[in-house]
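Below, read A as the first sequence line, B as the second, and so on, with proteins coming before strands; counting in each chain starts at 1.
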Number of protein chains: 2
Amino acid sequence: MHMRAVSSVQDNDRFGAAACLGFGREVGHMLPVNAIQHLPAGELLFSEGDKADSVFEVLSGMVRLYKLLPDGRRQVTGFLTAGQLLGLAPEGACVFTADTVTEVSLVRYKRDAFDRLIDDVPGFARRLLAVTSHELHAAQDQMLLLGRKSASEKVASFLLMLPARLNVIDVPMTRGDIADYLGLTVETVSRTLTRLRQDGLIALPVPTRVQVLDRKGLENLASGDLGDLF
Amino acid sequence: MHMRAVSSVQDNDRFGAAACLGFGREVGHMLPVNAIQHLPAGELLFSEGDKADSVFEVLSGMVRLYKLLPDGRRQVTGFLTAGQLLGLAPEGACVFTADTVTEVSLVRYKRDAFDRLIDDVPGFARRLLAVTSHELHAAQDQMLLLGRKSASEKVASFLLMLPARLNVIDVPMTRGDIADYLGLTVETVSRTLTRLRQDGLIALPVPTRVQVLDRKGLENLASGDLGDLF
DNA sequence: CGTGCCTTTGAAAGAGCTCAATCCTGGTGG
DNA sequence: CCACCAGGATTGAGCTCTTTCAAAGGCACG
């Protein structure tokens, strides 16, 4: 069995809380598929504590994962895009909430069928393991960001982890989502973006679109190389 | 093949960056073991970027995992204790640095032999998957802590994730380690512990030992239930 | 009995937060 | 077609929590 699809893990798992398998063509037909679902924006997929009996694969759109504190404080742990998996948890209950940022289409697999595949298909388990390990590393990067980076370093890091076409980044999530992903407030995210614009690192034609004007500068900022210039 | 050991995952993986397998007796003899190593405190195991060709299992003592920014800022991503695994990363290079907090004894397995086991031993891969998934969830809890909890909530959470015997917690790591794990400074950790002592939640006979006087209170604080009493 | 490291405590400064007002922008209905 | 409206985004001013800078304590080790 060949390992073709594995390399794409590096490129797709930008947000650290999900997985890109690329298994669709190879094993997808072996899985009982409930149905392809189409959901509007702002739709709940499942809540923290729900019984975890499904594995989802995102086909298009963006899904948001988060955890809440009793008083409503929210930490977004990841954003999922096409190709990423959701609900791999072998434990009985979901440990986070998932809802849609944009319109989303996704496939739901039966969890027990998925589990059977792990034992039956050689190499499948190892690939899943590679995926979760990779997510774990992304999670550690996020811990470094949350625990030790300044607001501008966080925002710069965030922009660079979004996929860019010709240096133009699509930002479908709200400032509130970004804030809750970076451990900041809406106002600080907004102010920081304004600051990056004033400093010539980015342009903001509309709030949902960022143009990277100085990628090197952003990268230095994101990696904390600039000491305290910002 | 029975699944006896899996339940211990819940109890041992308190720090989110490692794994408890409990495989020693079952498959340990199938793995080529370099040697059991004994290391003093403060010894480097490997650095970020090193070639990852080994899997370690901690037998005793405590190992610290961390990532660094270029200017020296540090984020501790986890502390490992007896039974936990290290170096499961299937990627070529280590993504964090590991060194010893206390004296440590550990076993080093050859990575390729470990990989072979994944394919050869039924259920092994699935158990590893359970372990890494569990770590991933712990990592998400840590993100919530780092991004959204106050200093006292962080410290309370930290104390409660350490194993306690008769409400007495052993704290082998320094205040600096705790600070870098919680995204705080040494001074804030120290002040917060003093505050918890003054408020009657804990006692501090010596800096390395914490006695829990009001577990309920600590738990409320840790989960963010108290609103802004602290 | 120094010496060095860890911890604790104090005072001042600052990064990011809170509160509050204004500005967009896209959808709605007259 | 355009005024209106609602939700998100931006900006401003003041404040707070945490950090920074500085100085003692305390303990282990030589």
Side-chain angles (χ1 to χ4, degrees), chain A residues 40-42 64 69 71-75 101-102 145-156 158-159 171-198 202-210 221 224 226-230, chain B residues 40-42 64 69 71-75 101-103 145-156 158 171-198 202-210 221 224 226-230:
Chain A
R64 163 180 53 217
L69 286 173
D71 64 358
R73 279 174 285 173
R74 184 178 69 148
Q75 180 65 41
V101 176
T102 63
L145 178 148
L146 289 169
R148 287 300 179 222
K149 287 187 182 177
S150 70
S152 42
E153 289 165 349
K154 286 177 175 180
V155 172
F158 173 74
L159 293 177
V171 186
M173 61 288 273
T174 67
R175 298 293 187 263
D177 289 331
I178 300 173
D180 286 345
Y181 182 62
L182 299 178
L184 299 170
T185 60
V186 180
E187 295 92 331
T188 298
V189 169
S190 183
R191 272 188 259 271
T192 303
L193 285 169
T194 301
R195 182 77 192 280
L196 293 179
R197 176 170 54 69
Q198 288 168 345
I202 62 172
L204 280 164
V206 293
T208 59
R209 200 170 301 272
V210 174
L221 185 52
L226 276 54
D228 38 24
L229 258 173
F230 288 89
Chain B
R64 162 180 54 216
L69 287 173
D71 63 358
R73 278 174 286 173
R74 183 178 70 147
Q75 179 65 41
V101 175
T102 63
E103 281 188 13
L145 178 148
L146 289 169
R148 287 298 178 224
K149 287 187 181 176
S150 69
S152 42
E153 289 166 349
K154 286 177 177 181
V155 172
F158 173 74
V171 186
M173 60 289 272
T174 67
R175 299 292 187 263
D177 288 331
I178 300 173
D180 286 346
Y181 182 62
L182 300 177
L184 299 171
T185 59
V186 179
E187 295 92 330
T188 299
V189 170
S190 182
R191 272 188 259 271
T192 304
L193 285 169
T194 300
R195 182 76 192 279
L196 293 180
R197 176 170 53 69
Q198 289 169 344
I202 62 172
L204 280 164
V206 292
T208 60
R209 200 169 303 272
V210 174
L221 185 51
L226 275 55
D228 39 23
L229 259 174
F230 289 89

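- Summary of the strand contacts: A:V206 and A:V189 both lie near DNA chain C, and taking for each the nucleotide with the nearest heavy atom, the more 5' one is attributed to A:V189.
- Summarising the geometry, the separation between CZ on A:R148 and P on C:dG16 is reported as 13 Å, rounded to the nearest angstrom.
- Atoms CE (B:M173) and C1' (C:dT7) sit 16 Å apart, rounded to a whole Å.
- Within the 4.0 Å cut-off from OP1 or OP2 of D:dT19, at least one side-chain nitrogen or oxygen of B:T188 is found.
- Atom NZ of B:K149 is separated from atom CG of B:L221 by 9.0 Å, given to the nearest 0.5 angstrom.
- For the pair A:R73 CZ and C:dT18 C1', the computed distance is 15 Å after rounding to whole Å.
- At whole-Å resolution of the value, CZ in A:R195 and P in D:dG12 are 14 Å apart.
- A:L193 comes within 4.0 angstrom of no nucleic acid atom, judged by non-hydrogen atoms across all strands.
- Checked options A:R175, A:R74, A:R64, A:Q75; the residue passing with A:D180 is A:R74 (criterion: side-chain hydrogen bond (donor to acceptor under 3.5 Å, both in side chains)).
- Relative to the side chain of A:T185, the nucleotides C:dT18, C:dT9, D:dT10 differ in distance, and C:dT18 lies closest.
- Atom CG in A:L196 sits about 12 Å away from atom P in D:dT11, given to the nearest Å.
- Counting to the nearest Å, the P atom of D:dG8 and the CD atom of A:E187 are 13 Å from each other.
- Phosphate contact (OP1/OP2 of D:dT11, side-chain N/O of A:T194, threshold under 4.0 Å): present.
- At whole-Å resolution of the value, NZ in B:K149 and C1' in D:dC17 are 18 Å apart.
- Listed nucleotides C:dT7, D:dT10, C:dC17 differ in distance to A:V186; the shortest reach to its side chain belongs to D:dT10.
- Comparing A:P205 and A:G183 by the nucleotide of DNA chain C whose heavy atom lies nearest to each, the residue mapping closer to the 5' end is A:G183.
- Going from atom OG1 of A:T192 over to atom NZ of A:K154 covers 10.0 Å, rounded to the nearest 0.5 Å.
- Side-chain to base pairing of B:R191 with D:dT20: one donor and one acceptor N or O lie within less than 3.5 Å of each other.
- Residues passing the side chain to side chain donor-acceptor pair (under 3.5 Å) test with A:S190: none are found, sequence neighbours excluded.
- Among the protein residues, A:T174 comes within range of the sugar-phosphate backbone only, with heavy atoms under 4.0 Å from sugar or phosphate atoms but none that close to a base.
- When each of D:dT18, C:dT9, D:dT10 is scored by its nearest atom to the side-chain atoms of B:L184, the top-ranked nucleotide is D:dT18.
- Distance CZ (A:R209) to P (C:dG26): 12 Å, rounded to an integer number of Å.
- Side chain of A:R148 to backbone of B:L184: a donor-acceptor contact under 3.5 angstrom is found.
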